[in-house]
Amino acid sequence: MKLLKDILYGVSLSAVSGNTNVMVNHLHFDSRKVEMDDVFVAIRGLVTDGHKYIQKAVELGAKAIICEELPELLVNGVTYLKVVDCNSALAIMAANYFDNPSKNLKLVGITGTNGKTTVSTLLYNLFKKAGFKVGLISTIKVLVDNKGYPTSHTTPDVLTINGHLNQMNEEGVEYCFMEVSSHGIHQKRTEGLHFEGAIFTNLSHDHLDYHKTFAEYRDTKKKLFDNLSKNAFALSNIDDKNGLVMLQNTKAKKYTYALKSYADYRAQILEKQFNGQLLKIDENELWSKLIGDFNAYNLLAIYATADILGLEKLETLKLISELENVDGRFQYFISKEKITAIVDYAHTPDALKNVLITINALRTGNENVITVVGCGGDRDKSKRPVMGHIASEMSNQAIFTSDNPRTESPTEIIEEMEKGVEPQNTRKVLSIENRKQAIKAACKLALSNDIILVAGKGHETYQETNGKRVDFDDFKEVKAALASLNK
């Protein structure tokens, strides 16, 4: 048990009813999980308002209630605390509850539209190879040194984050690399965390269903850097027009990286092939298995971060050359018919464009590029015609299909993608709602040396429709479809 007033340290209280000098058990923002002597924090969410469940939490045994509006009925023996922002209060309380675990390791946050998962995962892999105990909090999974845990959000809730950071403390983890989403920043999930540094990868069209404007999306990302301490570092990609914006108000030590601009860390692509690329970093050449300009940026960010954190430069370059692709990020294989199949998480216009630029730069011109792509439901609708335009413009054949339709009609989503197709490209577009059938169609259309790109879901092993998830793995599906061509 913990003393309530200790958990509240740093929380700005506007009203108190009851005693804070009491022992409490656990923190919860889901009233269904409340048990005797727990604390319930009433979060206002997108779907429901936690204030509606205060009475239920009290009936289940809550000893303290954190809320933005005090209920009319105050129960004797229960402490009620009014705050301005319950999300912020929960973040600070969660950190206090677990004894501020982020202060006991070097936590590095990675933000941007694309590249977060690749950079965070490869930094984890590199530091593991260098002999350190390392943690990872990413879209794909949470790793506490060698122990893995599933995750459902890019940036988990504050209780989950601090709980895993506390586990990392217990396991002697020295470094943790964490994806930081704009949703996570906006919902104060990173408040109360002590960051050793932050990395900005890039910014492009995404999440405008949530943030409404691009400026709001950008400025939300920027808060990660604005809140860094003077002892932290801020590393930013200044080839992106928003790279310097991220550094404007930070108190942290500023570092920059780029392929095209003058920067503290620079790289040059000397050679590209399907099995990798030759890079020049700090006047040293290295071969990487990861291909594409976007991966050159990712690898440069990794190199710069390792250098800032004190790893030896030549050792870092050696370890970078050993890094493998992250699951679902330009993950490819070549079939017996010499058809190249690529699975990539590209679910934004910029990411899809970058992958197709990379593919088109590697082809000789005699192969066809067949792109299978969809757009997620209940997400930014404005990017759908843009995705449709890019896929049809940059491929020889585009097949529009279902992604994770969630509560929307897959047919309507595809129709919105079709609106972005130029008249001269309509003949290149097929629409096949069933994703399995769309992948099979791409495989049947492909000839020897052709390239199939299956985009949008990447590492995901499910498809979500109306609240139900069914098993679906793009990589397995395309592999099976190509294998069946031999039968």
Side-chain angles (χ1 to χ4, degrees), residues 117-118 121 139-141 150 152 274 291-292 324-348 351-352 355-356 358-359 367-377 379 384 387-388 390-392 394-406 408-411 413-414 417 428-487:
T117 302
T118 298
T121 304
T139 302
I140 299 175
K141 58 189 168 184
S152 58
F274 247 119
I291 69 171
E324 303 278 351
N325 262 321
V326 176
D327 287 349
R329 269 63 176 179
F330 215 92
Q331 189 177 5
Y332 78 97
F333 73 95
I334 301 172
S335 73
K336 291 181 180 178
E337 296 79 16
K338 296 186 178 178
I339 296 169
T340 300
I342 301 165
V343 171
D344 194 273
Y345 188 52
H347 63 291
T348 68
L352 181 62
V355 171
L356 285 168
T358 298
I359 291 169
E367 319 92 333
N368 284 320
V369 176
I370 304 167
T371 299
V372 180
V373 64
C375 290
R379 298 294 186 269
R384 293 172 186 172
M387 297 276 282
I390 291 168
S392 59
M394 300 182 70
S395 311
N396 299 97
Q397 178 83 58
I399 302 177
F400 296 167
T401 189
S402 180
D403 189 283
N404 290 318
R406 300 183 178 90
E408 285 195 74
S409 160
T411 303
I413 294 172
I414 291 169
M417 293 179 67
K428 297 195 294 180
V429 177
L430 288 174
S431 293
I432 303 174
E433 185 179 311
N434 184 288
R435 194 172 181 92
K436 182 189 282 281
Q437 295 305 319
I439 290 171
K440 283 185 176 179
C443 294
K444 287 178 181 177
L445 287 169
L447 302 174
S448 182
N449 296 318
D450 283 352
I451 302 163
I452 299 170
L453 169 64
V454 183
K457 288 172 58 59
H459 63 280
E460 293 177 351
T461 56
Y462 60 86
Q463 193 167 25
E464 184 178 342
T465 306
N466 293 319
K468 294 182 179 179
R469 289 187 174 188
V470 296
D471 290 343
F472 198 95
D473 186 319
D474 279 352
F475 197 77
K476 288 181 180 177
E477 292 293 338
V478 71
K479 205 160 192 175
L482 284 172
S484 69
L485 295 179
N486 294 320
K487 297 176 182 178

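Just so it is clear, the values below take in all heavy atoms, side chains as well, and ignore hydrogens, waters and symmetry mates.
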The criterion is side chain to side chain contact (heavy atoms under 4.5 Å, CB included); which residues satisfy it with [X], sequence neighbours excluded?
X: Glu408; answer: Asp378, Lys381, Arg384, Ile413
X: Ala351; answer: Asn114, Ala346, Thr348
X: Thr411; answer: Ser409, Glu415, Glu433
X: Thr465; answer: Pro405

After noting the C-alpha distance and the side-chain angles of Phe274 and Ile451, does the key distance pass the side-chain contact (heavy atoms from CB on, under 4.5 Å) rule?
-> CA-CA 11 Å; Phe274 247 119; Ile451 302 163; 3.9 Å; yes
Measure the spacing between [atom1] of [X] and [atom2] of [Y] and express it to the nearest 0.5 Å.
X: Leu453; Y: Gln397; atom1: CG; atom2: CD; result: 13.5 Å
X: Ile291; Y: Asn325; atom1: CD1; atom2: CG; result: 8.0 Å
X: Arg379; Y: Asp403; atom1: CZ; atom2: CG; result: 10.0 Å
X: Ile342; Y: Ile370; atom1: CD1; atom2: CD1; result: 11.5 Å
X: Met417; Y: Ser431; atom1: CE; atom2: OG; result: 8.0 Å
X: Arg435; Y: Lys440; atom1: CZ; atom2: NZ; result: 14.5 Å

Restricting to non-hydrogen atoms, name the atom on [X] and the atom on [Y] that form the minimum distance, rounded to 0.1 Å.
X: Ile339; Y: Leu482; answer: CD1-CD2, 3.9 Å
X: Leu485; Y: Cys443; answer: CD1-O, 3.5 Å
X: Ala391; Y: Phe400; answer: CB-CE2, 4.1 Å
X: Gly458; Y: Asp474; answer: N-OD2, 4.2 Å
X: Ala446; Y: Ile452; answer: CB-CD1, 3.9 Å

Side chain to side chain donor-acceptor pair (under 3.5 Å): which pairs involve residues 447-457, sequence neighbours left out?
->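 Passing the test, one end in residues 447-457: Asn404-Lys457, Lys457-Glu460.
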Can you list everything that forms a side-chain hydrogen bond (donor to acceptor under 3.5 Å, both in side chains) with [X]? Sequence neighbours excluded, please.
X: Lys436; answer: Glu477
X: Glu367; answer: Thr364
X: Glu324; answer: Lys289
X: Arg329; answer: Thr117, His459

[Y] and [X], any side-chain heavy atoms less than 4.5 Å apart:
X: Leu356; Y: Ser395; result: yes
X: Val373; Y: Ile390; result: no
X: Thr340; Y: Ile359; result: no

- Pair Val326-Ile140, side-chain contact (heavy atoms from CB on, under 4.5 Å): steps then yes or no: CA-CA 10 Å; Val326 176; Ile140 299 175; 3.7 Å; yes
Sidechain-backbone polar pair: [X] side chain, [Y] backbone, donor-acceptor under 3.5 Å:
X: Thr401; Y: Ile432; result: yes
X: Lys428; Y: Ser392; result: yes
X: Asn368; Y: Asn396; result: no

Where does the angle between the aromatic ring planes of Phe330 and Tyr332 fall among parallel (under 30°), tilted (30 to 60°) and perpendicular (over 60°)?
perpendicular
Contacts of Asp344 meeting salt bridge (Lys or Arg N to Asp or Glu O under 4.0 Å) (sequence neighbours excluded), chain-then-number -> none
Item to complete: Could you please spell out the steps behind the side-chain contact (heavy atoms from CB on, under 4.5 Å) verdict for Leu430 and Leu445?
Response: CA-CA 11 Å; Leu430 288 174; Leu445 287 169; 4.1 Å; yes
Phe475 meets the ring-ring contact (aromatic ring centres under 6.0 Å, His included) criterion, sequence neighbours left out, with Phe333
